[in-house]
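Read the structure below first, then the notes.
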Amino acid sequence: MNYEYILVKEQVAPYIALIQLNRPKELNALNLQLMGEVREALKSLDDNDAVRVIIITGNERAFAAGADIKQMSDKNAIDMLKIDQFSTWDQIKKTKKPIIAAVSGFALGGGCELVMHCDCVVASETAQFGQPEIKIGVMPGAGGTQRLPRAVGKALAMEMVLTGDFISAERALAAGLINKIVPVEVLMEETIRMAKAMAKNSPIALQMAKESVLKSFENSLTEGLYFERKNFYMLFATEDQKEGMAAFVNKRKPDFKGR
Ligand code: HXC
């Protein structure tokens with residue numbers, strides 16, 4: 001596929017793919033085409049058996065400074081309704097494989113929301129997170145008011161959404177929005193290290209486990225436990241379960257085939 005606003009590497013390391021947002025002059029502002037390209041790339045990597053984990057990154061200055069304000073500025077409510085940009089985000093949400101965000105610089109508005117669509121987040125010391133939509137007369141629209149309180153709790157989510165102020169990587173780590181902070185020079189190396197720790201596991205188990213954790217945000221505890229149990233039982237239908245347990249018993253490394 002030829003993309004204009006993203007760069008895609010299918011094998012940045014064995015079983016690990018990379019999507020890099022690539023509109024550097026606009027701080028990776030997420031215009032409609034860019035988001036459509038992210039959706040297409042995720043779908044194609046999700047369908048590719050040679051990929052087990054996907055990394056999304058930006059550049060040193062910005063992961064993404066939000067939706068493209070210039071593209072939205074003259075739109076009315078009916079335009080926005082017809083454009084229906086959130087169906088793209090709904091597709092992104094359906095990605096089955098684990099996604100890790102590697103964040104340096106600004107992750108604002110839709111940029112912060114894209115980070116929250118990912119499953120884990122490795123950030124550089126320079127990363128800043130924010131939902132500044134309130135400062136331009138609107139509010140988050142790609143899940144910020146729903147995912148942020150689930151990630152950081154009500155108090156900080158309210159503060160971020162109502163003031164529009166950014167938080168540092170340290171505060172984001174303390175609040176539970178991100179997994180770790182690393183020096184900017186080793187951001188990709190450290191993200192790949194985390195991706196490798198996932199990718200060496202059974203891809204079917206990865207998918208079932210991701211799906212089950214995400215269900216915890218949708219269901220009651222009883223329904224969630226029921227869902228988890230079904231996925232747990234289902235994994236006993238895989239060759240990977242036989243391989244993983246045999247490898248443990250025989251004190252060797254497992255070789256998972258995704259079957
Ligand atoms: C369009 C943007 C942009 C954005 C930056 N740029 N953010 N263009 N949409 N969201 C452009 C600037 O216009 C400028 O282009 C260039 O990128 C560099 O930005 P500067 O502002 O000159 O850089 P700096 O002074 O360092 O300030 C960085 C910044 C600021 C603090 C990140 O750019 C900023 O506040 N950006 C907007 C952040 C924001 O409000 N995001 C939420 C958007 S709404 P030129 O051509 O002038 O050099 C949203 C809704 C989500 O995300 C829901 C739907 C998905």
Side-chain angles (χ1 to χ4, degrees), residues 3-7 19-43 56-95 99 101-118 121 123-152 156-169 171-172 177-178 184 187:
Y3 298 114
E4 185 176 353
Y5 294 126
I6 62 172
L7 302 170
I19 298 176
Q20 182 175 17
L21 311 180
N22 190 33
R23 278 188 90 196
K25 273 197 240 139
E26 293 82 8
L27 305 185
N28 289 334
L30 306 169
N31 65 16
L32 296 172
Q33 184 180 332
L34 185 154
M35 287 309 299
E37 291 181 5
V38 170
R39 177 197 56 207
E40 290 310 311
L42 283 172
K43 175 80 178 82
I56 301 184
T57 196
N59 55 54
E60 195 171 327
R61 191 167 169 219
F63 178 80
D68 190 325
I69 300 169
K70 292 165 192 165
Q71 196 175 45
M72 289 185 293
S73 59
D74 63 348
K75 301 285 183 289
N76 64 35
I78 304 303
D79 295 333
M80 293 300 279
L81 184 77
K82 284 188 174 163
I83 290 169
D84 187 25
Q85 61 182 312
F86 299 120
S87 61
T88 299
W89 292 74
D90 291 341
Q91 292 299 319
I92 290 172
K93 176 175 170 260
K94 289 184 184 155
T95 308
I99 310 175
V103 180
S104 178
F106 300 111
L108 306 175
C112 190
E113 289 167 314
L114 183 57
V115 167
M116 289 188 285
H117 276 69
C118 300
V121 187
S124 81
E125 293 149 335
T126 63
Q128 296 188 70
F129 301 85
Q131 296 290 161
E133 294 91 338
I134 203 85
K135 293 185 175 177
I136 53 171
V138 289
M139 58 176 273
T145 67
Q146 304 304 302
R147 290 196 178 88
L148 198 56
R150 283 168 167 81
V152 305
L156 181 55
M158 280 290 189
E159 182 183 330
M160 290 171 71
V161 169
L162 300 181
T163 67
D165 289 344
F166 309 161
I167 61 167
S168 64
R171 198 159 177 212
L177 183 61
I178 64 175
V184 68
L187 176 64

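Ligands are counted one by one from 1 in listed order, and the atoms in each one are counted from 1 as well. The basis for the numbers below is simple: all heavy atoms, side chains too, and nothing from hydrogens, waters or symmetry mates. FYI, the numbering just counts along the sequence from 1.
For atom 43 (C) of ligand 1, a protein heavy-atom neighbour is present inside the 4.0 Å cut-off. Remark: atom 22 (O) of ligand 1 lies closer than 4.0 Å to no protein heavy atom.
Scanning the protein heavy atoms around atom 34 (C) of ligand 1, the nearest turns out to be L108 CD1, 4.9 Å. Ranking protein heavy atoms by distance to atom 47 (O) of ligand 1, first place goes to K70 NZ, 3.9 Å. Among protein heavy atoms, the minimum distance from atom 24 (P) of ligand 1 is reached at R61 NH2, 3.7 Å. Distance from atom 33 (O) of ligand 1 to its nearest protein heavy atom, with residue and atom name: L27 CD1, 3.8 Å. Nearest protein heavy-atom contact of atom 16 (C) of ligand 1 is K25 O, 3.3 Å. Atom 41 (N) of ligand 1 has A65 O, 3.0 Å as its closest protein atom, hydrogens excluded (heavy atom only). The protein heavy atom nearest to atom 37 (C) of ligand 1 is I69 CD1, 3.7 Å. Nearest to atom 3 (C) of ligand 1 among the protein's heavy atoms is A29 CB, 4.0 Å.
Within the 4.0 Å heavy-atom shell around ligand 1 one finds Q85.
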Discussion item. Pair V38, I92 - check side-chain contact (heavy atoms from CB on, under 4.5 Å), show working.
Written reply: CA-CA 8 Å; V38 170; I92 290 172; 4.0 Å; yes
Discussion item. Quick one, T57 with L21, criterion side-chain contact (heavy atoms from CB on, under 4.5 Å). Give me CA distance, side-chain angles, the key distance, then yes/no.
Written reply: CA-CA 6 Å; T57 196; L21 311 180; over 6 Å; no
Item to complete: Step by step, work out the salt bridge (charged side-chain N to carboxylate O under 4.0 Å, His left out) result for E40 and K43.
Response: CA-CA 5 Å; E40 290 310 311; K43 175 80 178 82; over 6 Å; no
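Taken from CZ in F106 to OG1 in T126, the straight-line distance is 9.0 Å, to the nearest 0.5 Å. Atom CE in M35 sits 12.0 Å away from atom CG in D68 (nearest 0.5 Å). Here the CD1 atom belonging to I19 is positioned 7.5 Å from the OH atom belonging to Y3, to the nearest 0.5 angstrom. Here SG of C112 is found 5.0 Å from CE of M160. Values are rounded to the nearest 0.5 Å.
We find that D90 and R39 are not joined by a salt bridge, their nearest charged nitrogen and carboxylate oxygen being 4.0 Å or further apart.
The ligand atoms of ligand 1 that sit less than 4.0 angstrom from a heavy atom of E113 are 51 (C), 53 (C). Heavy-atom proximity to E133, at under 4.0 Å, picks out these atoms of ligand 1: 44 (S), 49 (C), 50 (C), 51 (C), 52 (O).
Under the side-chain contact (heavy atoms from CB on, under 4.5 Å) rule, I56 has a single partner from I6, I99, V103, which is I99.
Polar contact with ligand 1: absent for F86 (N/O pair, distance under 3.5 Å). Here's the thing with G110: one of its N/O atoms is less than 3.5 angstrom from an N/O atom of ligand 1.
Here the shortest heavy-atom distance to atom 40 (O) of ligand 1, taken over G137, G144, P132, belongs to P132.
A donor-acceptor pair under 3.5 Å is formed between the side chain of Q71 and the backbone N or O of L32.
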